[in-house]
Amino acid sequence: MDNKKVADVLDDIGDMLEIMDQSRFRYLAYHRASQVIRSMPRDLEEVRRDEGLTSIKGIGSGIAEKLNELLDTGQMSYFEELKKSLPGSLTEIVHIQGIGPKKAKIFYEKLGIETIDQLEEAVAVGKIQELPGMGVKTEENIERGLEVYRGYEGRLLLNQAIPIAEHIIDYLNRDGLVDNISTAGSLRRWQETIGDIDVLASTRRHSEVADKFCTYPETSSVLAKGDTKCSILLHSGLQIDLRMIDPEHYGAALQYFTGSKAHNIHLREIVKKKGLKLNEYGLFRIKDDMNIAAKTEEDIYKALGMTLMEPELREDKGEIEAAIDGSLPHLVKLVDIKGDLHIHTKASDGQSSLEEIADNCQELGYEYACITDHAFDLKVAHGLDVKRFEDQWKEIDELNKAFDDFTLLKGVELNIDNKGGVDFDDDFLGRYDVVLASIHMGFGQSKDQITDRIIAAMENPHIDMVCHPTGRILGRRPPYSINMDKIIEAASRTRTFLELNAFPDRLDLSDDQLRAAKQAGSKIAINTDAHHFYHLAYMRYGLHTAKRGWLEKEDVVNTFTLEKLKKLLVK
DNA sequence: GCCGTTTTCGGCCCGACTGTTTTCAGTCG
């Protein structure tokens, strides 16, 4: 049973306990445990075997006992018992916007509603507005919540969300109503997918900004409109939240609305112990309500004895402790990147020429770029054979003659076949500057088989890097099952780089996996896997994901000069 | 149900908006 499934069970239990009106702290404990397990890069089974479940922060003896049963038998009697007193499908209903545990419980008890379909029927015949404490408006809100739920179950990728956010910010910025404006929430933390877009504006003209925001051209409905916050729903179903704040509180509000929720909760626990209070208006002394800091985020963290944490780190994964003892990482920056090591051209399945790639990489200020077309094994991608690669190398040599401070490298993306073999023999592989290998087929194999295939490739002295190691496509394809601990261990032992594929629907390795790789001493390459020169700009999505993985400049091989990189490429 | 550099018991983050009802509960982030 994988971590996600275990986390889902814990979340369901948390939701059910909340519907049953159990102690808030009890159901929060389940959600907290779920969150920890969900973001853990290591297999829960292995942690259990090596260190025991209670070594995980947020899992105590109670939850550990229940998880032991779940991992051993595939069932948890406590969960099964809960489902006898309450239909499990109610946990689905509380995920609809506007419906929380209290309403879900009323629907169930008064109308016998157990499923979303039944809820839809009840809304259609006007049953909801007859319930105690509810009216026509409530029913309309639920109807809208259902529409959103049905029509917009997916989350946006970063390259979809960022342009929308930038457009709205530009729209609000246009006529001087706002002093300062920024994204906040998951978008500012560069989370890999985005559920809604948060925007924070500092202004003295709250109601004018609110009016302008609520008449944004793409708006389908206004969900809430006040002097400090407004929410709109776009025709696409995407929700945008705007917070307005006076300029002197901007830093406090930015800190507050950037989150994450877990980061803020942890922070406020510390704040409280110091006799202070932190909210979106600032940091205050409780005894006399004196404002201690509010203008910038840095002021607030500084007043708490912490160095400023970049938004990507704010997930309550140890950054607060590190900020207190001064051990925060010096995160890699976009200007550190000196090249891109995974690029396709129209020779295989890309769309741009060598010249176009070289021109655009030089514009980005790179020192080098590696052309890595597919090899002949990958027929669907028009993979190149020996002859065509040799022709490409001649072209590259010609181009390189004309460059001053830039070099095109000769590379290949090999296909790791179902037994761990690759397209070419060792002699030929020795002629490339950089050899990448990745899995493009045989996703259905067992965890051990796929893990062994990748490790076999890493053992090959000519293979420098394993690309998109988990194979996931966000929103479309789950990662294939691999033992990430073993992969990371083998990468570090064989000195094979692991890729952080910056393509916004991959971001593979993920933030948590990157951090585990760094801790094991593996080196990472952030590559775009560009199939068009436009894609070279995707480097920023990889970069921010790298920051979420706590990576520093020296962890990332394509921050090195070509000279240093070449030394590392010798295994 | 979890946790401990004030605690193995007694705590556990904070505020805005909505809808419904007249002072607040529910929901959200």
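Here is how names work: the chains are called A, B, and so on, in the same order as the sequence lines, proteins then strands, and each is numbered from 1.
- Distance check on atom C1': B:dA25 versus B:dT20 gives 9 Å, rounded to whole Å.
- Straight-line distance between the C1' atoms of B:dC2 and B:dT8: roughly 12 Å, to the nearest whole Å.
- A distance of 7.5 Å separates CE in A:M484 from OG in A:S510, rounded to the nearest 0.5 Å.
- Atom P of B:dG10 sits at a distance of 38 Å from the matching atom of B:dC17, rounded to the whole Å.
- Here A:I96 lies in heavy-atom contact (under 4.0 Å) with sugar-phosphate atoms only.
- Taking atom CD1 of A:I265 as the reference point, atom P of B:dC12 lies 13 Å away to the nearest angstrom.
- Using C1' as the reference atom, B:dT18 and B:dT23 are 15 Å apart when rounded to the nearest Å.
- To the nearest angstrom, C1' of B:dG26 lies 17 Å from CD of A:E139.
- Under the 4.0 Å criterion applied to side-chain N and carboxylate O atoms, A:E192 and A:R472 are assigned as salt-bridge partners.
- Among the protein residues, A:V94 comes within range of no part of the nucleic acid, since none of its heavy atoms lies under 4.0 Å from any strand.
- Salt-bridge check for A:R42 with A:E51: passed, with a basic side-chain N closer than 4.0 Å to an acidic carboxylate O.
- Of all nucleotides listed (B:dG1, B:dG29, B:dC17), B:dC17 comes nearest to the side chain of A:K229.
- Contact annotation for A:I99: backbone-only contact, meaning every heavy-atom pair under 4.0 Å involves sugar-phosphate atoms and none involves a base.
- Rounded to an integer number of Å, the gap from NE2 of A:H31 to C1' of B:dC2 is 15 Å.
- In the set B:dG1, B:dG19, B:dG4, B:dG19 carries the atom at the smallest distance from any side-chain atom of A:T138.
- Nucleic acid contact for A:R243: sugar-phosphate only, since backbone atoms but no base atoms lie under 4.0 Å from a heavy atom of the residue.
- When heavy atoms are screened at a 4.0 angstrom cut-off, A:N264 is found touching no nucleic acid atom at all.
- A:Y27 has no side-chain polar atom (N or O) that falls below the 4.0 Å cut-off from OP1 or OP2 of B:dC2.
- When the side-chain nitrogen and oxygen atoms of A:Q129 are compared with OP1 and OP2 of B:dT20, none of them lie within a distance under 4.0 Å.
- Atom CG in A:D12 sits 10.5 Å away from atom CE in A:M76 (nearest 0.5 Å).
- Taking every side-chain heavy atom of A:E269 into account, B:dC12 is the closest of B:dC12, B:dC14, B:dC28.
- Listed nucleotides: B:dG19, B:dC14, B:dC12. Nearest to the side chain of A:K137: B:dG19.
- Nearest to the side chain of A:K273, among B:dG19, B:dT6, B:dG29, sits B:dT6.
- For A:T228, counting side-chain heavy atoms from C-beta on, the closest listed nucleotide (B:dG29, B:dC17, B:dC2) is B:dC17.
- Backbone-only engagement by A:L278 is indicated by non-hydrogen atom pairs under 4.0 Å involving sugar-phosphate atoms exclusively.
- Side-chain polar atoms of A:T203 and A:D179 form no donor-acceptor pair below 3.5 angstrom.
- One interatomic measurement links the two molecules: CG of A:N279 to P of B:dA16, which rounds to 8 Å at whole-angstrom precision.
- As rounded to whole Å, 13 Å separates atom C1' of B:dG29 from atom CD of A:Q191.
- Here B:dT8 sits opposite no nucleotide as a Watson-Crick or G-U wobble pair (both hydrogen-bonding atom distances under 3.5 Å).
- The residue A:K66 sits close only to the backbone: its heavy atoms come under 4.0 Å of sugar-phosphate atoms, none of a base.
- Remark: P of B:dC3 and CZ of A:R32 are 9 Å apart, rounded to the nearest angstrom.
- When the C1' atom is compared between B:dT7 and B:dC12, the two are found 12 Å apart, to the nearest whole Å.
- For the residue pair A:Q513/A:D508, the side-chain donor-acceptor check at 3.5 Å is not satisfied.
- For A:K103, the listed nucleotide lying nearest its side chain is B:dT27; candidates were B:dT20, B:dC2, B:dT27.
- Listed pair A:N141 / B:dG19 meets the phosphate criterion, a side-chain N or O lying under 4.0 Å from OP1 or OP2.
- The listed nucleotides are B:dG1, B:dG29, B:dC14; the one nearest the side chain of A:K272 is B:dC14.
- Comparing B:dG15, B:dG29, B:dG1 against the side chain of A:Y78 picks out B:dG1 as the nearest.
- Taking atom CD1 on A:I245 and atom C1' on B:dA16, their separation rounds to 11 Å, with Å as the unit.
- Residues A:P101 and A:G226 both approach DNA chain B. Their nearest nucleotides, taken by heavy-atom distance, put A:G226 toward the 5′ side.
- Protein atom CD1 of A:I106 is 16 Å distant from nucleotide atom P of B:dG19, rounded to whole Å.
- In this structure, A:Y541 has its ring center closer than 6.0 angstrom to the ring center of A:Y538.
- Mapped onto DNA chain B by nearest heavy atom, A:L276 and A:F257 fall at different nucleotides, with A:L276 at the one closer to the 5' end.
- Taking 4.0 Å as the cut-off between side-chain N and carboxylate O, A:K295 and A:E248 do not count as a salt-bridged pair.
- Taking only side-chain atoms of A:R26, from C-beta outward, the nucleotide of B:dC2, B:dG1, B:dG29 with the closest atom is B:dG1.
- B:dA16 and B:dT21: their P atoms are spaced 25 Å apart (whole Å).
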